[in-house]
Amino acid sequence: MTDEAIVLNVVVLAAGMGKRMRSDLPKVMHPVAGRPMLAHVFDTARALGARLGRGEVNLVGVYGHGGRLVPDAFVAPDLQWVEQMPQRGTGHAVMQAAPRLLDHAPTLILYGDVPLIAVDTLERLVRSLLDAQRRFGLLTVELVDPTGYGRVVRDKAPGGSVQRIVEQRDASLAEQSIREVNTGVMVVPTPDLRRWLDALSDDNSQAEYYLTDIVGMAVAEGLEVVTVQPTHAWETLGVNSRGQLAELERVYQRGLADALMESGAHLLDPARIDVRGQLTVGRDVCIDVGCVFEGQVTLGDRVRIGPYCVLRDVVIRDGAEIAAYSHLEGASVGANARVGPYARLRPGAELGPRAHIGNFVEVKNSSFGADAKANHLAYVGDSTVGERVNIGAGTITCNYDGANKHRTVIEDDVFIGSNSELVAPVRVGRGATLGAGTTLTKDVPAGALVITRAQARTLSDWVRPAKNPKTPKA
């Protein structure tokens, strides 16, 4: 990537401690939808670059609290890190990033604890600057309760040009009544930014360098300050407490739920779904309450997911049903198959069409052919199960000898009776039958019957043991 290919500098401020989080984890590392807040911001910045045409941005992250924990978690060719220590305000943070910025590209300022800002909003903001030689782009938002935010002070002329930003702690009573607030997100010409940073002062109540002071400097130099409002006010919400983090989680999840319903999914309660990755749905999918989707999950047409299921990195093909309280990870489920309730598919589980995995059945690193089933209380690990196989309740494949894993092969049309043990490595030939209670240690030829249980005996003179009489207490 050459410097000439860079369309935008993006500085992401991620140095804060987040005292109100009461956590040893840096604030920007706390998750939204299963990923650190900061990851969402970086994804948005990269997506913005693609929207702007050439698809390349110069990303500079500013870290501080937590030492190397944050930069070590985000390593990428397009990302540079600089440290802010001590932490003396947002202006001071951007000062640390200034040597890494390219003068020919404008600079966008984002925040690692504001994870929901949309690409569309940022694109409108950045294009407001790209359309002119020298402008200052500022993202503002109207809030019913602006408490805690810096107010946008405008002149009294029609249209009200922006004059400056005043922080609440430094604002007069009249200024505190202003409802338009600064989000902190701005895009500015980089050479001007360098000059304004050099002129910042810490002469304020916090003895910090406020980045917002550069707005007044731009106005004094005659630059037009263009303001853009987000599509949704919640895009600009930041996180300073665990309560706010929970609120953002629900906002984010509701947005995902709305998108899923637009894609054709039927959500029984859009407020009770959690997507922590990428969920792709076909037509007429039905998802019950309390389900969690992690990693990459694909649901085909007419798939039904029962309540309180957890799916991670799975593919569920058309017409399949996952019944309540089932956990699937790294698995694939064939068309019209049925899993659960209370089933567990572990990595490497592959179910063919119309296969059945029932309650309290665990499958790991095993394939099931079409119409094969294990409906009750079974463990199948490191196995190849053919078509139309029936695995009875209480059956287990003994795949681990204490040091190594071994494979079990069960060919088509095999019937395995309840409470059987298959000690791998072992092969059961096509059409064979294992009687209930079989412990299998040798291969079985096709069509054979195997019974290993001991012959029953009846002892008619047997007497059940009786309890000893209790000794009376003295």
Side-chain angles (χ1 to χ4, degrees), residues 1-14 28-29 31-62 70-71 73-81 97 100-102 105-131 137-139 141 183-188 190 228-239 248-249 251-260 262-263 275-281 293-298:
M1 181 172 63
T2 64
D3 288 353
E4 290 74 18
I6 297 296
V7 68
L8 184 69
N9 299 303
V10 180
V11 177
V12 180
L13 305 187
V28 296
M29 295 298 291
V32 170
R35 303 175 64 225
M37 287 189 280
L38 188 55
H40 293 275
V41 179
F42 285 146
D43 286 351
T44 300
R46 292 181 176 110
L48 175 63
R51 287 280 190 91
L52 297 175
R54 283 173 282 184
E56 293 179 292
V57 295
N58 175 36
L59 274 173
V60 183
V62 182
V70 173
F74 296 92
V75 178
D78 63 345
L79 174 60
Q80 305 175 72
W81 284 102
R100 308 296 180 93
L101 305 180
L102 303 173
T107 296
L108 172 68
I109 310 296
L110 298 177
Y111 298 82
D113 61 353
V114 183
L116 303 189
I117 195 160
V119 176
D120 288 345
T121 295
L122 293 179
E123 183 181 11
R124 288 190 286 111
L125 178 65
V126 172
R127 290 198 184 279
S128 72
L129 186 72
L130 297 178
D131 291 342
L138 188 65
L139 187 67
V141 65
T183 68
V185 176
M186 59 183 69
V187 59
V188 297
T190 302
V228 169
Q229 293 268 324
T231 306
H232 306 284
W234 49 255
E235 294 177 38
T236 65
L237 295 178
V239 173
L248 255 67
E249 180 74 36
V251 168
Y252 186 85
Q253 293 297 339
R254 183 57 201 239
L256 294 177
D258 289 343
L260 288 170
E262 288 292 327
S263 299
V275 180
R276 301 168 188 168
Q278 182 70 40
L279 174 59
T280 303
V281 299
F293 301 91
E294 302 179 338
Q296 300 292 319
V297 177
T298 301

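Here, residue 1 is the first one in the sequence, and each next residue gets the next number. Keep in mind the model is a prediction, meaning the values are calculated, not measured.
Side-chain atoms of E249 come within 3.5 Å of backbone atoms of A33 as a donor-acceptor pair (strictly under, hydrogens ignored). N9 places a side-chain N or O within donor-acceptor distance of the main-chain N or O of A105, the cut-off being under 3.5 Å. In this structure, D113 contributes its side chain and G238 its backbone to no donor-acceptor pair below 3.5 Å. A side-chain donor-acceptor contact under 3.5 Å links Y111 to the backbone of G184.
F42 places a side-chain heavy atom less than 4.5 Å from the side chain of L38. Proximity of V11 to V62: side-chain heavy atoms (C-beta onward) are separated by under 4.5 Å at one or more points. When side chains are defined from C-beta on, T183 does not count as touching I117, because their heavy atoms never get closer than 4.5 Å. Residues Q253 and V275 form a side-chain contact, since some pair of their non-hydrogen atoms from C-beta on lies under 4.5 Å apart. Residues V141 and E235 fail the side-chain proximity criterion, which asks for heavy atoms closer than 4.5 Å. Taking 4.5 Å as the limit, some side-chain heavy atom of V60 sits within range of a side-chain heavy atom of L101. The shortest side-chain heavy-atom distance between R254 and V251 does not fall under the 4.5 Å cut-off. Residues V70 and V28 have side chains in contact (heavy-atom distance under 4.5 Å, counting atoms from C-beta outward).
Side-chain contact, T107 with T190: a donor N or O sits under 3.5 Å from an acceptor N or O.
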>> Pair T280, Q296 - check side-chain contact (heavy atoms from CB on, under 4.5 Å), show working.
In response: CA-CA 8 Å; T280 303; Q296 300 292 319; 5.9 Å; no

> So V57 and L48, side-chain contact (heavy atoms from CB on, under 4.5 Å) or not? Walk me through it.
Replying inline: CA-CA 8 Å; V57 295; L48 175 63; 5.7 Å; no

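The existence of a salt bridge linking R124 and D120 is excluded, since no basic side-chain nitrogen approaches an acidic carboxylate oxygen closer than 4.0 Å.
Heavy-atom minimum distance, S263 versus V281: CB-CG2, 3.9 Å. Contact record, A73 with M29: CB-CE, 3.7 Å, taken as the closest heavy-atom pair. Between G112 and V12, the closest heavy-atom pair is N-CG1, 3.9 Å. Between S128 and G137, the shortest heavy-atom distance links the atoms OG-CA, 4.3 Å. Considering every non-hydrogen atom in both V32 and P115, the closest pair reads CG2-CG, 4.2 Å.
Put simply, CG on L102 and CG on N58 are 4.5 Å apart, with the number rounded to the nearest 0.5 Å. Atom CG of L256 is separated from atom CZ of F293 by 11.5 Å, given to the nearest 0.5 angstrom. Of the inter-residue distances, the one linking L125 atom CG with R127 atom CZ reads 12.0 Å to the nearest 0.5 angstrom. How far CD of Q229 is from CG of L138: 10.0 Å, rounded to the nearest 0.5 Å.
Taking the six-membered ring for Trp and thresholds of 30 and 60 degrees, F74 and W81 have ring planes inclined between 30 and 60 degrees apart.
Among L110, L122, L108, the single residue meeting the side chain to side chain contact (heavy atoms under 4.5 Å, CB included) criterion with V187 is L108.
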